[in-house]
Amino acid sequence: MEAVENSSRSLNFIESIIEEDLKNNKNEGRVHFRFPPEPNGYLHIGHAKSICLNFGLAEKYHGKCNLRFDDTNPAKEDVEYVDAIKEDIKWLGFQWVDEPHYASDYFDQLYKWAIKLIQDGKAYVDEQPQEEISQQRGVPTRPGIESPHRNRPIEENLALFEKMKNGEVADGSMVLRAKVDMSSPNMHMRDPIMYRVLHAEHHRTGNKWNIYPIYDFAHGQSDYIEGITHSLCTLEFEIHRPLYDWYLNQIADGDYRPRQIEFARLNLSYTVMSKRKLLELVEKNMVTGWDDPRMPTISGLRRRGYTPESIRNFADRIGIAKRDNVIDVGLLEYSVREHLNQIAPRVFGVLDPVKLIITNYPKNKVEELELINNPEDPEGGSRMIPFTREVYIERNDFMEEPPKKFFRLGPGREVRLKGAYIVKCMDYKKDENGKITEIYCTYDPETKSGGNAQRKVKGTLHWVSAEHAIDAEVRLYDRLFTDEDPAGHKDKDFKEFINPDSLKILKHCKLEPSLKGVKPGDKFQFQRLGYFCVDNDSQPDHMVFNRTVPLRDSWKKKK
RNA sequence: UGCCCGAUGGUGUAAUUGGCAACACGUCUGAUUCUGGAUCAGAAGAGUCCAGGUUCGAGCCCUGGUCGGGCAACCA
């Protein structure tokens, strides 16, 4: 039934192009994609969209998808990021064909092509200062003017480029430029830079090179070398496409050309989605790292308790198009809840405990009660949990003067302790500050769960036996920013919108004893509260849980 | 005042030879429930940026506007 739904779903514009190409037997019916991250930061949910698109398309059309690191700028790149990126892609459940590729694998070939362009009179060395070059380029509304070095002899260009390559000239003192069109309305065609001098150590090629190609002179060629058929990228590269095609036409033989297609990047409400800004949050210690559970990074979402399935479903739901979009973060949350509802075992955890004493329950009695692990999962089984005279319940499940619609505990009111008995509140105690310290109830032995009690009550509470409870730390996360579009204000820095309450740490929460021995990454539903997972910081004697997402709460909404 | 791209319920996405706008999330009802969860049933909400044109018929085609985004790193 899933398959039917899948196959009958309408195509996005990229799929339409692919199916058209397939119909025309373009590229002999081959489809080959690539995901081309620059290893200068961690992947975020926006990259996940692209990963799901590229690898997903490869699966759907029985093609291939490469992983290619776009590592042409050693000044910003690092192996740390290479490793993290690979891990994130694998975690999402995708596998690239062969070994990962690197743009740096093609430096030799790129260099040869640069020579060819020079020999063809299509490229020249320009040793003007950067400011000069940028000034001559003009502005979008006015044409630029040509460099005085534009028409220097080929031999001279060759000699100069050789010097650049050999490290004989200083950083920034010379560039190799393509001879395209200084009067083009497209700024990228105004004799774009192909190579710059950079005496930097590259994480893969070491000190072999003193010159490094610019993105535009590397990306299309890399696609070409790898036999990519559809090169998908985000909208801001649209204007680069004529240059992408121009370079390819200078170097390619035959008919085959990779085709660049642009789609709109993902924007999520209440967060930022640029590596630069995320890096800033990390470097200024406004979060604990790239994998801080509040970060929209894949590693952050993973630590937060998101599952690969939920992210892939999310990516599916948001679709692919060319118009700018802002996805409600609520849709992401919906996607995790949907999956976790299926797979997460239910447990009892009391975050803000207050003691409830059942005055008519025997003092040393312990009853082992059986609870279903997950009503949504028939295979989920059940577990035993101890019930005793003193239990903890959630502080906000009791009110001294409850309103009519409050289905929980209050003086004289009855509720069911889930899986146990119906209890009635007879009395309660407060300290000098008016804080409730103890609640006294009686229980009705006839109402044991699973029995044939007729009586029904409106409210059901979760609880934990005081004597058996495990103490734990629980971290509650909220959105990182208070503004829907923190980066969208011209006059204000996005950091001004950081939510001061994005992390709340709760100590001494009380968890049911079955949670002993959980491992980082384990996921649960704390009943009536939300989905939680064990954090990497968790220790056997000091458990730490992250709240992935709260349950939907129609009571809270009503208030 | 150049070039490129876009415009469909609150948010996304769809409507595939032009046939009176669909799906998901969200919202609101009601049912059900030992999770105020989940589930189930139903409702409201756009006449497709505007104005012309072609056509029996236009969200889809044409013309002209408007609005939004992008482009002037030796970043990607």
Side-chain angles (χ1 to χ4, degrees), chain A residues 9-12 16 19-20 36-38 40 70-73 75-77 126 130 133-135 137-144 171-177 184-190 192-198 211-212 214-216 218-219 233-242 262 264 269 275-276 316-328 330-335 337-338 341-342 346 348 371-372 375-376 405-408 415-420 422 447 449-450 453 456-462 525-530 550-558:
Chain A
R9 216 177 47 193
S10 54
L11 306 176
N12 63 49
S16 301
E19 297 206 355
E20 186 65 22
E38 182 188 11
N40 68 343
D70 220 337
D71 54 352
T72 57
N73 185 3
K76 289 185 177 173
E77 295 153 9
D126 196 340
Q130 195 171 148
I133 290 177
S134 114
Q135 191 140 56
R137 192 153 19 225
V139 291
T141 52
R142 301 189 89 70
D171 281 8
S173 60
M174 284 183 194
V175 290
L176 182 69
R177 293 227 259 168
S184 169
N186 182 342
M187 295 295 290
H188 295 277
M189 300 299 269
R190 322 247 261 227
I193 288 164
M194 296 164 61
Y195 271 95
R196 76 279 219 189
V197 177
L198 222 51
I211 52 173
Y212 291 92
I214 290 294
Y215 166 85
D216 289 298
H219 201 96
C233 63
T234 45
L235 254 25
E236 67 270 27
F237 292 99
E238 202 153 29
I239 197 144
H240 292 243
R241 187 169 4 112
E262 311 83 14
S269 61
K275 278 198 268 188
R276 207 209 90 234
D316 245 28
R317 258 188 272 264
I318 60 176
I320 298 292
K322 292 194 74 161
R323 74 190 82 113
D324 293 324
N325 62 84
V326 182
I327 307 286
D328 188 338
L331 189 62
L332 218 210
E333 296 178 339
Y334 169 83
S335 299
R337 285 198 194 97
E338 182 189 43
N341 179 45
Q342 299 303 316
R346 273 58 171 170
F348 287 162
L371 273 100
I372 301 291
E376 306 291 328
K405 287 288 197 181
F406 186 76
F407 301 147
R408 310 177 193 178
V415 295
R416 172 173 288 281
L417 296 179
K418 186 173 172 68
I422 292 177
T447 58
S449 269
K456 292 211 184 276
V457 286
K458 242 348 194 164
T460 302
L461 308 187
H462 61 281
Q525 184 196 95
F526 287 7
Q527 283 206 75
R528 302 210 302 132
L529 298 176
L551 250 29
R552 287 187 67 209
D553 188 350
S554 55
W555 163 245
K556 192 174 167 188
K557 209 158 49 186
K558 207 173 284 181

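Contact annotation: A:Arg196 reaches the phosphate of B:rA76 (side-chain N/O to OP1 or OP2, under 4.0 Å). Remark: A:Arg552 is not in phosphate contact with B:rU35, judged by side-chain N or O atoms under 4.0 Å from OP1 or OP2. Between B:rC74 and A:Arg177, no contact under 4.0 Å exists linking OP1 or OP2 to a side-chain N or O. A:Lys322 has no side-chain polar atom (N or O) that falls below the 4.0 Å cut-off from OP1 or OP2 of B:rA7. A close approach under 4.0 Å does occur between a side-chain nitrogen or oxygen of A:Thr72 and OP1 or OP2 of B:rA76. Close to B:rG37, at under 4.0 Å from its OP1 or OP2, lies no side-chain N or O of A:Arg337. Side-chain nitrogen and oxygen atoms of A:Arg323 include at least one within less than 4.0 Å of the OP1 or OP2 phosphate oxygen of B:rA14.
The partner of B:rA73, taking Watson-Crick or G-U wobble pairs whose two distances both stay under 3.5 Å, does not exist in any strand shown. If you check B:rA43 for Watson-Crick or wobble pairing at under 3.5 angstrom, you find it paired to B:rU27. B:rC61 is paired with B:rG53 under the Watson-Crick or G-U wobble criterion, all donor-acceptor distances under 3.5 Å. Pair check for B:rG6 finds B:rC67; Watson-Crick or G-U wobble, both atom distances under 3.5 Å. B:rA22 and B:rU13 make up a base pair, with Watson-Crick or G-U wobble contacts both under 3.5 Å.
Between the C1' atom of B:rU17 and the CD atom of A:Glu20 lies a distance of 12 Å, rounded to the nearest Å. We find that CG of A:Leu198 is positioned 13 Å from P of B:rC74, with the value rounded to whole Å. The separation between A:Ile318 atom CD1 and B:rG26 atom C1' is 17 Å, rounded to whole Å. One can place OH of A:Tyr334 at 12 Å from P of B:rU27, the figure rounded to the nearest angstrom.
Residue order along RNA chain B, read from the 5' end via each residue's closest nucleotide, puts A:Val139 first among A:Asp71 and A:Val139. Positionally, the nearest nucleotide of RNA chain B for A:Pro375 lies more toward the 5' end than for the other of A:Asn73 and A:Pro375.
The glycosidic torsion of B:rA7 lies more than 90° away from 0, placing the base in the anti range.
For the pair A:Tyr215 and B:rA76, the ring geometry does not qualify as stacking, because the centroid separation below 5.5 Å and plane angle under 30° are not jointly satisfied.
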